[in-house]
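Report on one structure; see the data block that follows.
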Amino acid sequence: ELQQALDANPEDWELRLQLIEALVADSRHDSAVEVVNKGEALPREAGPWLAAAKCYAAVGALEQARGLVASALEIDAEH
(Lines give C-alpha, C1' and ligand atoms only; values in the text may rest on other atoms or scores of the structure.)
Protein backbone atom coordinates (compact mmCIF):
# COMPACT_ATOMS: atom_id res chain seq x y z
CA GLU A 1 0.00 0.00 0.00
CA LEU A 2 1.12 3.54 -0.72
CA GLN A 3 0.75 4.69 2.89
CA GLN A 4 3.02 1.91 4.16
CA ALA A 5 5.61 2.69 1.49
CA LEU A 6 5.48 6.37 2.40
CA ASP A 7 5.81 5.57 6.11
CA ALA A 8 9.02 3.71 5.24
CA ASN A 9 10.27 6.55 2.98
CA PRO A 10 8.78 9.82 4.28
CA GLU A 11 11.25 11.91 2.26
CA ASP A 12 9.94 10.49 -1.06
CA TRP A 13 7.79 13.28 -2.52
CA GLU A 14 7.05 11.30 -5.71
CA LEU A 15 5.49 8.56 -3.58
CA ARG A 16 3.71 11.20 -1.49
CA LEU A 17 2.24 12.61 -4.72
CA GLN A 18 0.92 9.19 -5.74
CA LEU A 19 -0.82 8.77 -2.40
CA ILE A 20 -2.27 12.29 -2.52
CA GLU A 21 -3.59 11.79 -6.05
CA ALA A 22 -5.21 8.51 -4.97
CA LEU A 23 -6.85 10.19 -1.97
CA VAL A 24 -8.11 13.12 -4.06
CA ALA A 25 -9.50 10.70 -6.67
CA ASP A 26 -11.31 8.91 -3.83
CA SER A 27 -12.78 12.26 -2.64
CA ARG A 28 -10.72 12.12 0.57
CA HIS A 29 -9.48 15.71 0.38
CA ASP A 30 -8.94 16.14 4.13
CA SER A 31 -6.76 13.02 4.23
CA ALA A 32 -4.81 14.29 1.22
CA VAL A 33 -4.15 17.60 2.99
CA GLU A 34 -2.86 15.70 6.04
CA VAL A 35 -0.44 13.76 3.82
CA VAL A 36 0.81 17.03 2.30
CA ASN A 37 1.29 18.60 5.73
CA LYS A 38 3.33 15.64 6.99
CA GLY A 39 5.88 16.10 4.23
CA GLU A 40 9.54 15.82 5.12
CA ALA A 41 12.13 18.48 4.39
CA LEU A 42 13.09 18.74 0.76
CA PRO A 43 16.61 18.02 -0.49
CA ARG A 44 18.39 20.62 -2.61
CA GLU A 45 17.27 19.01 -5.88
CA ALA A 46 14.62 20.32 -8.29
CA GLY A 47 12.72 17.03 -8.74
CA PRO A 48 11.43 16.66 -5.18
CA TRP A 49 10.48 20.36 -5.09
CA LEU A 50 8.38 19.92 -8.24
CA ALA A 51 6.74 16.79 -6.81
CA ALA A 52 5.96 18.73 -3.63
CA ALA A 53 4.45 21.52 -5.76
CA LYS A 54 2.19 18.97 -7.45
CA CYS A 55 1.16 17.67 -4.02
CA TYR A 56 0.12 21.13 -2.89
CA ALA A 57 -1.63 21.86 -6.19
CA ALA A 58 -3.58 18.60 -5.92
CA VAL A 59 -5.19 19.80 -2.69
CA GLY A 60 -5.80 23.34 -3.97
CA ALA A 61 -2.91 25.07 -2.19
CA LEU A 62 -1.87 26.93 -5.32
CA GLU A 63 0.10 29.71 -3.65
CA GLN A 64 2.34 27.18 -1.90
CA ALA A 65 2.67 25.22 -5.14
CA ARG A 66 3.81 28.33 -7.01
CA GLY A 67 6.43 29.04 -4.36
CA LEU A 68 7.78 25.50 -4.60
CA VAL A 69 7.99 25.71 -8.39
CA ALA A 70 9.88 29.00 -8.10
CA SER A 71 12.31 27.40 -5.65
CA ALA A 72 12.78 24.39 -7.95
CA LEU A 73 13.67 26.74 -10.80
CA GLU A 74 16.18 28.53 -8.60
CA ILE A 75 17.82 25.19 -7.84
CA ASP A 76 17.85 24.01 -11.46
CA ALA A 77 16.42 26.29 -14.13
CA GLU A 78 16.70 23.57 -16.77
CA HIS A 79 14.86 20.83 -14.87
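Residue numbers count from 1 along this sequence. Please read all numbers here as calculations on a predicted model, not as lab measurements.
Checked by atom type and distance alone, the side chain of Asn9 never pairs as donor or acceptor with a backbone atom of Asp12 at under 3.5 Å. In this structure, Trp13 contributes its side chain and Cys55 its backbone to no donor-acceptor pair below 3.5 Å. Proximity of a side-chain donor or acceptor of Arg16 to a complementary backbone N or O of Pro10 within less than 3.5 Å is detected. Checking side-chain atoms of Asp26 against main-chain N and O of Arg28 turns up no donor-acceptor pair under 3.5 Å.
Following chains of ILVMFWY side-chain contacts shorter than 4.5 Å, one can reach Leu6 starting from Ile20, so the two form part of one hydrophobic cluster. Hydrophobic clustering places Val35 together with Trp49 (ILVMFWY residues linked when any side-chain heavy atoms are closer than 4.5 Å, directly or through intermediates). By the rule that hydrophobic residues join a cluster once side-chain heavy atoms approach within less than 4.5 Å of another member, Leu50 and Val24 end up as members of separate clusters. The hydrophobic cluster containing Leu23 also contains Val33, counting ILVMFWY residues as joined when their side-chain heavy atoms lie under 4.5 angstrom apart, directly or transitively. The hydrophobic clustering, which links ILVMFWY residues whose side-chain heavy atoms are closer than 4.5 Å, places Leu19 and Leu15 together.
You'll find the side chain of Leu42 reaches within 4.5 Å of the side chain of Leu68, heavy atoms only. Using a 4.5 Å cut-off on side-chain heavy atoms (C-beta onward), Pro48 and Glu14 make no contact.
The distance from atom CD of Glu34 to atom NE2 of His29, rounded to the nearest 0.5 Å, is 11.5 Å.
Residues Ala65 and Ala57 approach most closely at CB-N, 3.9 Å, considering heavy atoms.
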Starting from the C-alpha separation in whole Å, work towards a yes-or-no answer on side chain to side chain contact (heavy atoms under 4.5 Å, CB included) for Val36 and Tyr56.
CA-CA 7 Å; Val36 170; Tyr56 279 89; 3.3 Å; yes
Using side chain to side chain contact (heavy atoms under 4.5 Å, CB included), reason through Ile75 and Arg44 one step at a time and then give a plain yes or no.
CA-CA 7 Å; Ile75 293 167; Arg44 190 100 180 118; 3.3 Å; yes
